[in-house]
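Proteins get letters first, then strands, A, B, ... in listed order; numbering begins at 1 in each. Keep in mind that this is a model prediction, so the values were computed, not measured. Just the heavy atoms: all of them, side chains too, but no hydrogens, waters or symmetry mates, feed the values below.
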4 protein chains.
Amino acid sequence: MAGMRTNVRSEAGAEHRLAERIRGAAAWLFAERGFHGTGMRLIAEEAGVSVGALYHYFRSKDEVFLAVLREEYEGLLAAAQGLWREGLPASEVVRRVVELHFSAVAAGHPSGRLLALAWTGIPNPLRPQILALREEYAQCIADLLAEAMGRGEIRPAHPLLTAYALLGLVEAVTARALGDDRVADELRRVGPAEVAELAWRALRPEEG
Amino acid sequence: MAGMRTNVRSEAGAEHRLAERIRGAAAWLFAERGFHGTGMRLIAEEAGVSVGALYHYFRSKDEVFLAVLREEYEGLLAAAQGLWREGLPASEVVRRVVELHFSAVAAGHPSGRLLALAWTGIPNPLRPQILALREEYAQCIADLLAEAMGRGEIRPAHPLLTAYALLGLVEAVTARALGDDRVADELRRVGPAEVAELAWRALRPEEG
Amino acid sequence: MAGMRTNVRSEAGAEHRLAERIRGAAAWLFAERGFHGTGMRLIAEEAGVSVGALYHYFRSKDEVFLAVLREEYEGLLAAAQGLWREGLPASEVVRRVVELHFSAVAAGHPSGRLLALAWTGIPNPLRPQILALREEYAQCIADLLAEAMGRGEIRPAHPLLTAYALLGLVEAVTARALGDDRVADELRRVGPAEVAELAWRALRPEEG
Amino acid sequence: MAGMRTNVRSEAGAEHRLAERIRGAAAWLFAERGFHGTGMRLIAEEAGVSVGALYHYFRSKDEVFLAVLREEYEGLLAAAQGLWREGLPASEVVRRVVELHFSAVAAGHPSGRLLALAWTGIPNPLRPQILALREEYAQCIADLLAEAMGRGEIRPAHPLLTAYALLGLVEAVTARALGDDRVADELRRVGPAEVAELAWRALRPEEG
DNA sequence: TATGAATGAGAGTTCATTCAT
DNA sequence: GATGAATGAACTCTCATTCAT
């Protein structure tokens, strides 16, 4: 995995306990209420700290959001890379990564909503940074895909484009599965298998 | 036709000329700056009307956004349904619909960003309506898919899930293709063919 | 009744039918919703005319309010003067005028609320005119009182001050009687007799 | 300075100093310009604070108004109850309370106009609260009256109705006395005695 | 470190009024 | 006469951010 970018993981976890509390509270709130629906005061209350403390650990609201997002991407990427390194066949990796996304939704983790939130509906000075973060993640996926293409495990295609396509595919279905209506229930049930099937068919080499 | 009232139609047009200007300006701004980044004053300026005029034609900012979005979805849906009714084979319909999305991006239409914007990053009282709109569109696509499945043109799968998956797949790539960097250029060039290929492989019947 | 001002009744009734409709609708709305709670659009709708028509018959919203108020005062004043001219004893006039106020409340006429509204809670450029109107009415009452004092029917006192005092006394109780709770019911029942008693005791000559 | 903490006490004062400044400025402005004529920006400017500070101490404009009004009522009520508790005869209490109202007017206190403002010309969601406040005040007066009736100091009558009648009587005259014309001057001079006389005659027992 | 009172620009929305038809 | 589309200033309220303590 020579060319793989790893600087998504920029900071170690043990920065400070308050910073961690803030990030955790913010992740939930951003996922639940969106970027603009989440005020700094609310984050402070939810984290059990003062507003001043927020600005002690983060330069601005934008930075809080970026930090939250960075952590989410880190987690997903680490999981995907771990599966890959286990030497599993590509079809199995795809299946498990899709399952990962759905189980996060089922467990109520904020990831699902957050990643959807991440690349749109964000004010302008922040958008380029978010897109860069997303690009970094997509590029990592693309690197994995390219490697698998080289080994003939998946068919040749534009790696970065394929990475974005897979991200969009999974996110769109998990986002719909977040609701609490009958359809969402159904998607949570059949989603992992169906989405993995769609993804794998899109990727598998000609003689499948 | 003696009693034909042609001015019903022409008046209807004149009545809504400002509404049309407003919708057009709003579509651009929402796509460019997001929902919260676009103020009513800005829409008014861009449309060349007063703030009051906005509220003459739309009850609220939310309604402006919904109107914009409704038009975008209707346009896309009409195009897709048109292709379907022409009796083209499913693979060809998929190819052309994907092309449609990309040509909207190339032509600078706001659709690409707008549809991505539509289902996230939106304040809470508005979100359910947006999701319903998106669901309506997805359901139409799902109906087309189900019909094609019945005819054996595409493989059996969960229609609504597949519709969301396709939407997400296309939107994620077109969204990335909106930028003005080298990668975006490349995606605009290879995107239509590559995305259509991905989509068709995900859909085609087993011996397709 | 030599010095009695009569220019409260400035215009004859037969001005225009639309103007009458507007005034009637406005009286209800102002009484029900207050000056600021009543928009020109609402008045127009309630009167069944266009907004333009309002400005055809009245120079401004302020003028509508003044016209409404002038009519209310005219009605009350005419009734009081009529009773006086009938040659009834002062105690009887007081009793009947008080009854008049209460029966307007019971009948749901806007007068009660309007007169209370009239001299306060009104924007600044309009207030002096309202106060002048009220003063004119109070001065008419004061003239009647002065005349009765001259005849020894009521005790000597400052006529204008007494007029304001009586107005305030009656308005405060009728205003409270406007509600739909138990206390308001009770006040509507016992109010006329009790208020007339209070007023007459305040006015009657020393030897009862 | 030897560690002396004098700022504990001054800080406690300072905590509410702004709230006090705001209330004071608002009282003046509401009295002078009415509820709708007084914007939050104006209150902020007059109080020498920012708009944000207004919302730091009060939840809304309505709350500012209620706070102002509550204080006015409390002041008047405390004074009236104090006089009563001194064991003065009822006629003397009436005289002094009336004087109190007039001296507030003479001193330029906003009370006079404010109390008149309080129960009318107020937007709908706020009106019930204002009326409840006024009722509370009226009920206290009514209790004092009922007690005096029990002792035979004033004649039997409906206590609450009488309380409202007295309030209205005094307010109407003091409101007229607020102006700066010749009549207002005269009312400020003769008002206390004349109004007390009117009130006492309305209340005194038969052989008083 | 840590606090939260204080700021003020800017948000969405209303509404009396005008004027071309 | 009569209309109602169009205007824009002014409104209440929010919220990211600062700073004296």
Point to revise | Atom pair distance, as rounded to whole Å: CD1 in B:Ile22 and C1' in F:dA5 | key: 11 Å
**Study point:** Sequence-distant partners of A:Arg41, side-chain contact (heavy atoms from CB on, under 4.5 Å), two or more places apart
**Key:** A:Glu45, A:Val51
Exercise for review: Could you list the residues that satisfy side-chain contact (heavy atoms from CB on, under 4.5 Å) with A:Val49, not counting sequence neighbours?
Suggested key: A:Leu18, A:Arg21, A:Ile22, A:Ala44, A:Ala47, A:Ala53, A:Leu54
**Study point:** Intra- and inter-strand pairs of DNA chain F in dot-bracket (Watson-Crick or G-U wobble, both distances under 3.5 Å; | for another strand)
**Key:** .||||||||||||||||||||
Study note, to complete from the structure: Hits for salt bridge (charged side-chain N to carboxylate O under 4.0 Å, His left out) against D:Glu20, two or more places apart or cross-chain, chain-then-number order -> D:Arg23
Practice item. Heavy atoms under 4.0 Å is the rule here; annotate nucleotides 12-21 of chain E 5' to 3' with B where the base is hit, S where only the sugar-phosphate is, and - elsewhere. Key: BBBBSBB---
Practice item. Can you sort out the partners of B:Glu135 under side-chain hydrogen bond (donor to acceptor under 3.5 Å, both in side chains), two or more places apart, ordered by chain and number? Key: A:Arg176, B:Tyr164
Check your understanding: To the nearest Å, how far apart are D:Glu63 CD and F:dT14 P?
Key -> 12 Å
Exercise for review: Let me know the distance between NE2 of A:His56 and P of F:dA16, rounded to the nearest Å.
Suggested key: 20 Å
Exercise for review: Could you tell me which residues satisfy side-chain contact (heavy atoms from CB on, under 4.5 Å) with D:Glu46, sequence neighbours excluded, listed by chain and number?
Suggested key: D:Ala25, D:Leu29
Review point. Nearest-Å distance, CD (A:Glu45) to C1' (F:dA16)?
Key: 15 Å
Practice item. Would you mind reading off the distance between D:Leu54 atom CG and E:dA5 atom C1', rounded to a whole angstrom? Key: 14 Å
Revision key, fill the gap. Atom CZ of D:Phe58 and atom C1' of F:dT12 are separated, to the nearest Å, by 16 Å
Exercise for review: Supply the atom-to-atom distance C:Arg127 CZ to C:Arg134 CZ, rounded to the nearest 0.5 angstrom.
Suggested key: 13.0 Å
Review point. Honestly, is B:Lys61 close enough over B:Phe30, meaning NZ or CZ under 6.0 Å from the six-membered ring centre and within 45° of the axis?
Key: no
Review point. Considering residues at least two apart in sequence or located in another chain, which fulfil the side-chain contact (heavy atoms from CB on, under 4.5 Å) criterion with D:Glu136?
Key: D:Leu133
